[in-house]
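This report concerns only the one structure given below.
This is a predicted model, so every value here is computed, not measured.
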Amino acid sequence: AAGDSLKTLSAMRKAIAAHMTRSLTIPHAYLTVEVDMTAVVRRREAVKREYQAREGKNLSYVAFVTKATVEALRAHPDINAHWTDEGHWRRKAINVGVAVAVDDGLVVPVIRDADRMSIHGLNLAIVDVAERARAKKLRPDDLTGGTFTVDNTGWTGSVLTLPIINAPEVAILTMEEMKKRPVVVESPQGDMIAIRPTMNMVIGIDHRANDGAGAAAFLRDVRAWLEAVGP
């Protein structure tokens with residue numbers, strides 16, 4: 001019809017289309033938790049100016065969530081895994097993919113041996129791969145070998161996302177928008193209403209490899225780590 005136009009597919013969009021079509025053959029299941037991010041916000045606020053002055057980079061919430069994810073993956077090897085024709089391969093290495101939006105697409109560069117890194121190390125690695133992704137300077141091996149993916153959908157304003165698993169991985173975690181909400185806080189004096197920064201997190205699992213109970217236990221560990229971050 002008049003005014004219609006055909007947007008020619010770039011090589012990236014063709015590759016994304018092929019990969020997502022493959023990934024949608026996975027039987028997905030989802031779980032969601034709400035995380036009180038008060039401890040993380042306080043920790044970041046306490047160090048962010050000194051960190052920015054020293055490193056010349058922002059300390060991101062993605063680094064905290066990735067660290068929490070890595071610690072939880074240590075205890076849940078069924079989730080740090082690949083599904084193949086041979087079956088459910090639990091991987092020893094913890095290589096976390098971080099989804100990065102780029103022009104006309106999405107790429108998932110991989111941070112290898114993420115379990116050996118501190119929050120600071122993860123932050124530098126995340127900034128590095130994100131900057132190189134947007135500058136189209138990723139190497140082929142930056143995009144392979146991931147065992148789990150963290151996707152920060154919250155920057156779009158999303159509060160609930162149903163992510164597609166990055167095959168052959170068996171799970172993916174989203175960070176949703178952090179928002180201040182009234183919550184019930186228990187205290188020795190009784191229950192109180194408080195304003196807390198909270199964030200929804202969604203895990204999508206390959207139901208061939210994992211069930212809801214295992215995914216829920218993993219999410220509880222991620223939440224517990226974030227809510228217990230020290231000053």
Just how far is it from atom [atom1] of [X] to atom [atom2] of [Y], taken to the nearest 0.5 Å?
X    : Y    : atom1 : atom2 : result
H120 : E55  : NE2   : CD    : 4.0 Å
I164 : T21  : CD1   : OG1   : 9.0 Å
R112 : T147 : CZ    : OG1   : 10.0 Å
T69  : L173 : OG1   : CG    : 5.0 Å
N95  : T149 : CG    : OG1   : 10.5 Å

Heavy atoms from other residues, nucleotides or ligands near [atom1] of [X] exceed 12 (cutoff 6.0 Å):
X    : atom1 : result
R208 : CZ    : yes
R54  : CZ    : yes
R42  : CZ    : no
D191 : CG    : yes
E45  : CD    : yes

Residue pair [X] / [Y], side-chain heavy-atom distance below 4.5 Å:
X    : Y    : value
M12  : V107 : yes
V129 : R132 : yes
D151 : T161 : no
E71  : D221 : no
V127 : S60  : no

Does anything in residues 57-105 form a ring-ring contact (aromatic ring centres under 6.0 Å, His included)? List the pairs, not counting sequence neighbours.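 Residue pairs passing ring-ring contact (aromatic ring centres under 6.0 Å, His included), neighbours aside: H76-F218.
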Co-membership, hydrophobic cluster, residues [X] and [Y], 4.5 Å side-chain:
X    : Y    : answer
V229 : M178 : yes
V159 : V183 : no
W155 : M199 : no

Under a 4.0 Å threshold between the charged nitrogen and the carboxylate oxygen, would K179 count as salt-bridged to E177?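 Looking at E177 and K179, the cut-off is met.
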What do the steps show when you test D115 against D113 for side chain to side chain contact (heavy atoms under 4.5 Å, CB included), and what is the final call? CA-CA 5 Å; D115 52 319; D113 298 318; 4.3 Å; yes
Any donor-acceptor pair under 3.5 Å linking the side-chain atoms of D36 with those of T38?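 Side-chain D/A pair, T38 to D36: present.
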Between V202 and P163, which heavy-atom pair has the shortest distance, and what is it?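 The answer is CG1-CD, 4.1 Å.
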So which of T153, N200, T32 actually passes side chain to side chain donor-acceptor pair (under 3.5 Å) with E176?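 Single side chain to side chain donor-acceptor pair (under 3.5 Å) partner of E176 among T153, N200, T32: T153.
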